[in-house]
Amino acid sequence: MTTTRFCLVRHGETDWNSEHRLQGHTDIGLNIRGTAQAAQLAHAIKDSNLQFDVLYTSDLQRAVKTAQAIELLFNKSAIIDNALRERHLGALQGLTINEAPGLEPELWQSHISRNLNEELRGGESIKQFSDRIKSALERIRNQHLGKTILLVSHGGALDMMYRIASNHPLNAEKIVSVPNASLNWISHEGSAWKVDGWAETSHLEGLVLDNLDL
């Protein structure tokens with residue numbers, strides 16, 4: 001059987017992460033801390049002699065800027081793929097997790113209860129999001145069978161990848177953290193996905209923040 005490995009990276013920190021503000025598809029850049037995280041991440045990958053065959057990134061700038069730090073050290077160009085974006089959070093985008101319950105109480109309640117079909121008024125349901133991420137993973141896997149893929153994406157997207165690889169139910173509460181600039185491993189040996197390692201942050205020297213777009 002041919003095993004295809006994915007090293008999943010969450011982008012570095014943004015100001016909206018530190019403010020606990022829901023980003024979704026809003027295109028927010030890295031802050032100073034996030035830029036430092038991306039640089040530390042790239043150097044850690046280099047120092048560990050991690051060999052990867054191809055680099056993918058979401059098209060949102062917080063992911064692209066993180067991937068660029070890796071490109072600089074490895075002289076490899078990232079493939080930009082908008083299917084790797086965060087979930088579109090509709091009317092909740094731009095609100096903090098403290099503001100949302102007061103300004104959008106019904107929508108927020110539906111959101112935190114993980115209603116699988118809730119599209120958040122102009123956004124994307126959990127089911128739609130899951131289908132998009134699963135399709136992207138399968139497409140990339142089939143294009144690079146037996147290879148190691150380094151993939152830069154988002155907290156919610158990586159949580160979804162964890163659910164897909166571990167069969168964790170879509171409507172269940174989050175059970176893993178997805179820190180900014182963390183390393184996370186999943187693989188597919190030809191018949192099924194599995195999780196090989198998660199939330200590695202030893203390379204970040206105290207720069208860790210776990211703020212998942214809920």
Side-chain angles (χ1 to χ4, degrees), residues 3-14 17-18 20 23 30 33-34 36-58 60 62-63 66-67 69-70 78 81 83-87 114 126 129-138 140-141 144 146-214:
T3 299
T4 306
R5 302 182 75 212
F6 283 75
C7 182
L8 310 174
V9 175
R10 186 184 178 193
H11 62 79
E13 184 184 307
T14 71
N17 284 147
S18 62
H20 303 285
Q23 292 177 120
L30 299 179
R33 183 184 176 98
Q37 288 174 332
Q40 281 192 17
L41 166 72
H43 282 284
I45 292 172
K46 190 77 169 179
D47 293 344
S48 69
N49 293 315
L50 169 64
Q51 302 296 313
F52 62 92
D53 300 289
V54 62
L55 174 62
Y56 274 82
T57 181
S58 157
L60 297 177
R62 55 194 186 268
T66 303
I70 299 168
D81 191 335
L84 300 175
R85 283 186 174 195
E86 183 60 277
R87 180 186 173 193
R114 297 195 65 83
I126 291 173
F129 182 40
S130 173
D131 289 345
R132 168 165 65 83
I133 295 298
K134 187 170 185 177
S135 176
L137 281 177
E138 290 290 353
I140 293 169
R141 180 180 73 86
H144 307 284
K147 304 296 186 181
T148 296
I149 298 124
L150 186 58
L151 186 154
V152 183
S153 190
H154 306 266
L158 266 62
D159 178 71
M160 185 57 71
M161 293 174 195
Y162 177 89
R163 291 172 187 269
I164 291 166
S166 67
N167 291 314
H168 187 59
L170 295 181
N171 60 355
E173 290 186 9
K174 171 190 170 189
I175 60 170
V176 292
S177 63
V178 189
N180 288 106
S182 60
L183 295 174
N184 310 274
W185 291 89
I186 63 174
S187 63
H188 195 291
E189 89 299 351
S191 61
W193 291 99
K194 69 171 184 172
V195 177
D196 298 311
W198 204 258
E200 182 183 332
T201 58
S202 59
H203 55 283
L204 292 179
E205 298 176 4
L207 291 174
V208 179
L209 173 69
D210 175 25
N211 176 231
L212 180 67
D213 274 3
L214 300 169

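The analysis underlying the following values was restricted to heavy atoms, covering all of them including side chains, and did not include hydrogens, waters or symmetry mates.
The shortest distance between side-chain heavy atoms of I140 and L84 falls below 4.5 Å. Taking 4.5 Å as the limit, some side-chain heavy atom of I175 sits within range of a side-chain heavy atom of Y162. Residues I126 and R87 have side chains in contact (heavy-atom distance under 4.5 Å, counting atoms from C-beta outward). Between F129 and E86 there is a side-chain heavy-atom pair separated by less than 4.5 Å. In this structure, the side chains of V54 and K147 stay at 4.5 Å or more apart for every pair of heavy atoms. Between I70 and K46 the shortest side-chain heavy-atom distance does not fall below 4.5 Å.
Minimum heavy-atom separation, S130 to I164: O-CD1, 4.2 Å. When every heavy atom of V9 is checked against every heavy atom of L158, the shortest pair comes out as C-CD2, 3.8 Å. Taking all atoms of both residues into account, the shortest heavy-atom contact from Q37 to E13 is OE1-N, 2.7 Å. The two residues A38 and T66 have their closest heavy-atom pair at CB-CA, 3.9 Å. In plain terms, the two heavy atoms of R62 and L30 that are nearest each other are O-CD2, 3.5 Å. A67 approaches L55 most closely through the heavy-atom pair O-CD2, 4.0 Å.
Every residue meeting the side-chain contact (heavy atoms from CB on, under 4.5 Å) condition with T4, not counting sequence neighbours, appears here in chain and number order: F6, R141, L145, I149. With sequence neighbours excluded, the residues forming a salt bridge (charged side-chain N to carboxylate O under 4.0 Å, His left out) with D196 are K194, listed by chain and number. By the side-chain contact (heavy atoms from CB on, under 4.5 Å) test, A39 pairs with no residue at all, sequence neighbours left out.
Checked by atom type and distance alone, the side chain of W198 never pairs as donor or acceptor with a backbone atom of I186 at under 3.5 Å. Looking only at distances, a side-chain donor or acceptor of R10 sits under 3.5 Å from a matching main-chain atom of V178. For the pair H168 (side chain) and E173 (backbone), a donor-acceptor distance under 3.5 Å is present. For the pair R85 (side chain) and L60 (backbone), a donor-acceptor distance under 3.5 Å is absent.
Once rounded to the nearest 0.5 Å, the distance linking OG1 of T57 with CG of L151 reads 7.5 Å. Note that OG of S18 and CZ of R33 are 8.5 Å apart. Values are rounded to the nearest 0.5 Å. Note: Q51 CD to I45 CD1 = 11.5 Å, rounded to the nearest 0.5 Å. Of the inter-residue distances, the one linking L8 atom CG with M161 atom CE reads 5.5 Å to the nearest 0.5 angstrom. Separating the OG atom in S58 from the NE2 atom in H154 is a distance of 3.0 Å, to the nearest 0.5 Å. R163 CZ to K134 NZ: the interatomic distance, rounded to the nearest 0.5 Å, is 14.0 Å.
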Please lay out, stage by stage, how H11 and N17 fare under the test side-chain contact (heavy atoms from CB on, under 4.5 Å).
-> CA-CA 11 Å; H11 62 79; N17 284 147; 3.4 Å; yes
